[in-house]
Structure formats: structure tokens, C-alpha cells
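Please read all numbers here as calculations on a predicted model, not as lab measurements. Every chain is numbered from 1, with letters handed out A, B, ... down the list of sequences.
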Amino acid sequence: MLQVVNIRSKREDIIAALKKRNIDAEALIDEVIALDEKRRSIQFRLDESKSLINTLSAETGSLFKAGETELANQKKQEVSAIKEESVPLEVELKEVSATLEKLLYSIPNAPHTSVPKGKSSEDNETLRTWGEATDAPHHTPHWDLTSKYKLIDFETGVKITGAGFPIYTGKGAKLQRALIQFFIDEADAAGYTEVIPPLLINEDSGFGTGQLPDKDGQMYYANEDNLFLIPTAEVPITNMYRDMIVDEAELPIKNVGYTPCFRREAGSYGKDVRGLNRLHQFDKVEIVQLDTPERSYTTLEAMVSHVEGLLQKLELPYRVLRLCGGDMGFTSALTYDLDVYSAGQSRWLEVSSVSNFETYQANRMKLRIKRKDGKKEAAHTLNGSALALPRIVAALLENNFDGNKINIPSVLVPYTKFETIS
RNA sequence: GGAGAGUUGGCAGAGUGGUCGAAUGCGGUAGUCUUGAAAACUAUUGAUCUUCACGGGUCCGGGGGUUCGAAUCCCUCACUCUCCGCCA
């Protein structure tokens, strides 16, 4: 969530930034400011009466010890009276704080100055493209290839679970593992520490990264234990640092993790869900960084470059987009999407989303930096897919199909241990 | 799943109704000593809200209660450990 201090001191900037998300937040922001002022004034009065109660209670104690029972009883009654008076204040403080918090949870992150205005994915800004985004001569969609070469069994997946839960078989399974290993090796070389996190998370973690309170409908829920299946490794990995104060010297913290991801994808349909385009369970390698506010945007660019490097090594044509305000995620301040060209479907497929959340997540999860001078402030959190597997597999198959066989990009051959699929 | 024990500052660990935000040890930081280091000694060392500041409030797993006053008593939830059961 946004920090109240910032809302107070940068009211205009925040309202202007939120306009890019097509939100007129003026009334909301002013309500936050008013509630915060109210909260502070109540707390001040409450603190005063508590201070008085503490003093009088201590005096009562000494009087009892000294045997001055009568005086002590008098003080006792005095304290009771003050306490009674402060009860409504206490109730009010709780109410005001709860309302304020709820309001803060409902405000999305303020977009970075570079974020373009816009309503939908149409308005995203294409920054650059790499490679030739041209259709393959045979123009075969991957679902035909996966069935022709027996790489993925969608039907049996339906039988044992349901749509969107594919079974990778034979070389399809090996390709999958090869990609994961390749991605992790690359991240390793770039200085990321690998983690294998839990695939189920509790409510606090869901709140920390911003999936809760409103996006619970997108996560699978393990009712009996009140746990959620992770929609992305971002959640467990970032939450490793929840409620922590990290020394400035330890930053940046760089983690990479491979996990399956689970998404209910309620409301999706049509060509979007065909084949590997959108699944309920898919594999992803995620990179996560924690850094200082002054460095985080440089870090963001470095993360994008890392992802671009992966795509270049895989020889997949791609483009880099800067998301417009209307298409950005709730918690992000700036997001770059990377799309690969799918030569069998003639469309771009999003394979990575790299974001800087600034202090939005850190503030929620109480993740702070301890500066050299001892001062504490919220850290910046960032993450990105590096990469999401299914659409990479889709593009890889489609783009490298020559009519007779599928040629594996040379960088992957040491991992797959086969050069072609035929 | 059953039975029992526990949860205190970065860590270990005292503290069972008042002066306890909390002894002590370790660790951290600064200094003395030393050519330097170690050792020793001295000092310092939690978080959070509020205030220009002085100061004040809150926090001893979470929530609630009893009391003039709670780390300490009661209720409740969560977690950890030990034993038993089950099991990759």
C-alpha cells in the first residue's frame, strides 16, 4: 500500500499518477488524509490520558505499600473514572484505523512518471523489438505439433484433473526440464541465489505481496488449512523477507526460484486458452530482487536485460513493452512486458512481466532497510518472470518447425541432449 | 491423529501482580591498551506511534478478559518441541 507520509507530502503527484490508471483519486486521497489526521489527534488524546493513568496507578501502588489505604482507594476511583472516559476514544481509534487501512488497501500503486496513459493493452508502448517477427512457412500452431510428436497429452490431463492441466510426455517433458535448468543456470551466473519455496502460502503472505484481499478468486484455496496455492513464486520468495529489517549493506538481495504456478483464470475463454496459451498449472522461473529506492530503477532495467538475454539465446523474436496505466497490475509502479512472436499463431505471447513495486509491497509486509546511519525506511521490491515456460515452449515449437522436424536451439541441446524432435 | 511441555530483546536465558522495556551471558558497535591483531577493560546496543523539540504512548507469540495496576492471573487461537501413531 501507499505510505501515508507520502500521501500527505506528495498529494498532487499521487493524484496525478493515479490518473494514468484512469482513477480519479482526489476524493479518496483527501479522505485518507482526513482520516489520518483524525487518527493522530485521537491517539494524542489517548496517549495523554494513558500517561495520567500510569502515573496515578504507580502512586496508588506506593500508597498501598505505605499503608495509606484510604488515599489509595481514592486514587483508584480517580483512575477508574479516567479510564472510563477514555473507552470511547479507544473504540474510535480502532474504527478510524481500520477504515484508514481498508481505504489504503483499496488504492493501487502510483505509476512511475514514465508510465504512459492508457486504458488497455492497446495503449502499451512498444520500446523495441528483436529478431524477425514473421510467420513460419508451415504456419502450424503448437497444439498440432505437440500432438503430432506426442509432446503433451492435454486430453489425459482433462481426465485426471481438468482443462488447463497438461501432461508433458517424452521429449516434451525433457524440453520442459531443460528450459528450467537453463533459466536457473543463467540466473545463477547473473548472481541470483536459488531458492525452492513452498507452493502453498498463508493469508499473511497473500496480503504481503498484494494478492489479497481482492484477488483471492484467482488463487486455488485449500479450505481445510486456510492456505492458497501460489499463483507465482513471487509470493513465497518476496514474503521470505516479510517483517524484516535488512542492513543496507546486504542489498541488493537477488533470488531466483523455479516453481509450478496455479491460477484459476476465471473468465478466460476462446483462443486465449487454446493449447499452451493459458493454463491453470504452469512452470515458471522467477527472479526477485530487494534494493534501495535510489537503485531500484537501474535494477529494473538490469532485470529486463537479463530476460532479453534469455530470449536472444533461445533465438526467439520478441518485443519489449512498457505497460500503460490501465494495463498495469494493482501493486506495480512500472511494468515491462516481454512478448515472443508465435510463428504458428501469428500473434504475440506474453512470456515475462518485470515490475518495480517500489515500497508498495514492502510497506504492506513491513520490509525495511536499515541505513548506515541507523535510519529505517521501506525497501523497494522487484520481480520478473525469467521465464514462464508454456508460451516459450509454444513459440519454440512453432518457430523452429521446418515441416519435417523441430530443431532445438543450440543453447538448449546440452540440456535436452537431443537436437531435433521428429 | 493422540498425549504432554513450551513461545520473553539479534541469539541464549532470568523474571509469577506495582519502580520490568525487562537481570545476566553471548553477539553487534564505539573507545582504552597494542606497531597491528587477539585478549582484557569501559561505554553503548530492540521495535513502533506521536512531537519542531522536550517528552509521552504501545509492544514479553496473536486476539480477548480480570485488576487502580499484567511479561506475570483467566479464556481463546496460532505456532514450536517431546513421546506415541501414520508415512514419502
Side-chain angles (χ1 to χ4, degrees), chain A residues 1-9 32-104 196-208 212-213 221-228 236 239-251 253 260 359 362-379:
Chain A
M1 62 186 131
L2 295 173
Q3 302 184 94
V4 181
V5 233
N6 286 341
I7 293 180
R8 284 206 310 239
S9 62
V32 167
I33 294 172
L35 276 169
D36 178 57
E37 253 159 47
K38 198 169 172 191
R39 200 204 94 234
R40 277 148 62 216
S41 93
I42 295 169
Q43 180 160 43
F44 181 74
R45 280 184 286 159
L46 204 57
D47 283 358
E48 273 188 328
S49 70
K50 277 194 172 155
S51 171
L52 193 57
I53 290 170
N54 287 341
T55 316
L56 291 175
S57 293
E59 286 172 17
T60 310
S62 339
L63 285 173
F64 270 125
K65 265 191 184 160
E68 310 252 20
T69 320
E70 208 168 303
L71 271 174
N73 280 321
Q74 221 174 311
K75 289 250 188 229
K76 251 170 83 167
Q77 300 208 328
E78 226 177 298
V79 174
S80 298
I82 299 168
K83 231 190 149 183
E84 210 156 307
E85 280 168 37
S86 68
V87 167
L89 272 184
E90 225 157 317
V91 172
E92 208 185 347
L93 181 67
K94 259 188 199 170
E95 279 171 9
V96 170
S97 303
T99 314
L100 178 61
E101 188 172 65
K102 218 171 151 193
L103 213 57
L104 284 169
I196 302 180
L199 306 182
L200 287 148
I201 50 127
N202 59 26
E203 258 183 308
D204 285 347
S205 297
F207 270 98
L212 295 174
Y221 178 52
N223 167 54
E224 195 77 12
D225 299 289
N226 195 213
L227 298 171
F228 298 85
N239 272 286
M240 294 191 331
Y241 304 96
R242 173 153 49 81
D243 287 318
M244 276 183 65
I245 300 176
V246 187
D247 271 343
E248 183 179 357
E250 290 172 40
L251 297 175
I253 290 174
T359 59
N363 192 219
R364 282 179 170 232
M365 67 175 109
K366 297 195 177 66
L367 160 59
R368 282 154 297 172
I369 307 171
K370 188 175 190 174
R371 296 289 194 176
K372 288 193 190 85
D373 63 5
K375 291 217 173 98
K376 285 135 208 144
E377 66 180 293

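With distances taken from any side-chain atom of Phe44(A) to the nucleotides C68(B), U50(B), G64(B), the minimum falls on U50(B). With C68(B), C49(B), U48(B) as the candidates, the nucleotide lying closest to the side chain of Lys376(A) is U48(B). For Asp47(A), taking side-chain heavy atoms from C-beta onward, the closest of the listed nucleotides U50(B), G57(B), C68(B) is G57(B). Side-chain proximity of Ile245(A) to the nucleotides A47(B), C68(B), U50(B) is greatest for A47(B). Of the candidates A47(B), G56(B), C68(B), the closest approach to any side-chain atom of Ser51(A) belongs to G56(B).
Counting any heavy atom pair closer than 4.0 Å across all strands shown, Lys94(A) reaches sugar-phosphate atoms only and no base atom. Residue-level contact check: Lys50(A) touches the backbone only, with heavy atoms under 4.0 Å from sugar-phosphate atoms and none from bases. In this structure, Lys83(A) reaches the bases: a heavy-atom distance under 4.0 Å links it to at least one base atom across the strands shown. Counting non-hydrogen atoms under 4.0 angstrom, Asn73(A) reaches nothing in the nucleic acid. At a threshold of 4.0 angstrom between heavy atoms, the contacts of Thr60(A) include nucleobase atoms, whether or not backbone atoms are also involved.
When Watson-Crick and G-U wobble pairs are counted only if both distances are under 3.5 Å, A53(B) pairs with no nucleotide at all. When both distances must be under 3.5 Å, the Watson-Crick or G-U wobble mate of C59(B) is G46(B). In this structure, C83(B) forms a base pair with G2(B), meeting either the Watson-Crick or the G-U wobble geometry with both donor-acceptor distances under 3.5 Å. In this structure U66(B) sits in no base pair that meets the Watson-Crick or G-U test at under 3.5 Å. When Watson-Crick and G-U wobble pairs are counted only if both distances are under 3.5 Å, U32(B) pairs with A40(B). For A78(B), the paired base is U7(B) (Watson-Crick or G-U wobble, both distances below 3.5 Å).
Atom CD1 in Ile82(A) sits roughly 13 Å away from atom C1' in G69(B) (whole-Å rounding). Counting to the nearest Å, the C1' atom of U19(B) and the CG atom of Leu63(A) are 14 Å from each other. Residue Glu101(A) contributes atom CD, which lies 14 Å from atom C1' of C49(B) at whole-angstrom precision. Atom CG of Leu46(A) is separated from atom C1' of U51(B) by 16 Å (rounded to the nearest Å). If you measure from atom NZ of Lys366(A) to atom P of A47(B), you get 15 Å, rounded to the nearest angstrom. Distance, Gln43(A) CD to C59(B) P: 12 Å, rounded to whole Å. When rounded to the nearest whole Å, the span between CD of Gln3(A) and P of C49(B) equals 10 Å. As rounded to whole Å, 17 Å separates atom C1' of G28(B) from atom NZ of Lys372(A).
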### Query
For every nucleotide of nucleotides 71-78 of chain B, 5' to 3': is a protein heavy atom under 4.0 Å from its base (B), only from its sugar-phosphate (S), or from neither (-)?
--------
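A donor-acceptor pair under 3.5 Å is formed between the side chain of Ser86(A) and the backbone N or O of Lys83(A). Checked by atom type and distance alone, the side chain of Arg371(A) never pairs as donor or acceptor with a backbone atom of Glu248(A) at under 3.5 Å. Remark: side-chain polar atoms of Asp373(A) are paired, donor with acceptor, to backbone N or O of Lys375(A) under 3.5 angstrom.
Proximity of Leu200(A) to Phe228(A): side-chain heavy atoms (C-beta onward) are nowhere separated by under 4.5 Å. A 4.5 Å side-chain heavy-atom check between Val246(A) and Ile369(A) finds every atom pair outside the cut-off. Counting heavy atoms from C-beta outward, Val32(A) and Leu100(A) have side chains that approach closer than 4.5 Å.
One P atom belongs to A78(B), the other to A88(B), and the distance between them is 28 Å to the nearest Å. Distance noted for atom C1' between C33(B) and U82(B): 50 Å (whole Å). Comparing the P positions of U50(B) and A14(B) gives a spacing of 36 Å, expressed to the nearest Å. Going from the P atom of U58(B) to that of G21(B) covers 10 Å, rounded to whole Å. The separation of G62(B) from A53(B), taken at their C1' atoms, amounts to 36 Å, rounded to a whole angstrom. Atom name C1', nucleotides U51(B) and C68(B): the rounded distance is 29 Å, in whole Å. The C1' atoms of G31(B) and G55(B) are separated by 30 Å, rounded to the nearest whole Å. Across the C1' atoms, G15(B) and G25(B) are found 15 Å apart, a figure rounded to whole Å.
No more than 12 heavy atoms of other residues, nucleotides or ligands sit less than 6.0 Å from atom CZ of Phe44(A). Within 6.0 Å of CG on Leu71(A) lie more than 12 heavy atoms contributed by other residues, nucleotides or ligands.
Listed pair Arg45(A) / G57(B) fails the phosphate criterion, with no side-chain N or O lying under 4.0 Å from OP1 or OP2. One finds a side-chain N or O of Arg368(A) lying less than 4.0 angstrom from the OP1 or OP2 phosphate oxygen of U48(B). In this model, the phosphate group of G56(B) is not approached by any side-chain N or O of Asn54(A) to a distance below 4.0 Å at OP1 or OP2.
Each of Glu90(A), Arg45(A), Gln43(A) was evaluated against Lys50(A); a single residue qualifies, Glu90(A), per the side-chain contact (heavy atoms from CB on, under 4.5 Å) test. A side-chain contact (heavy atoms from CB on, under 4.5 Å) with Val96(A) holds for exactly one of Glu101(A), Glu37(A), Lys38(A); it is Lys38(A).
Each of Lys75(A) and Ser62(A) lies near RNA chain B, and the nucleotide nearest Ser62(A) is the one positioned closer to the 5' end.
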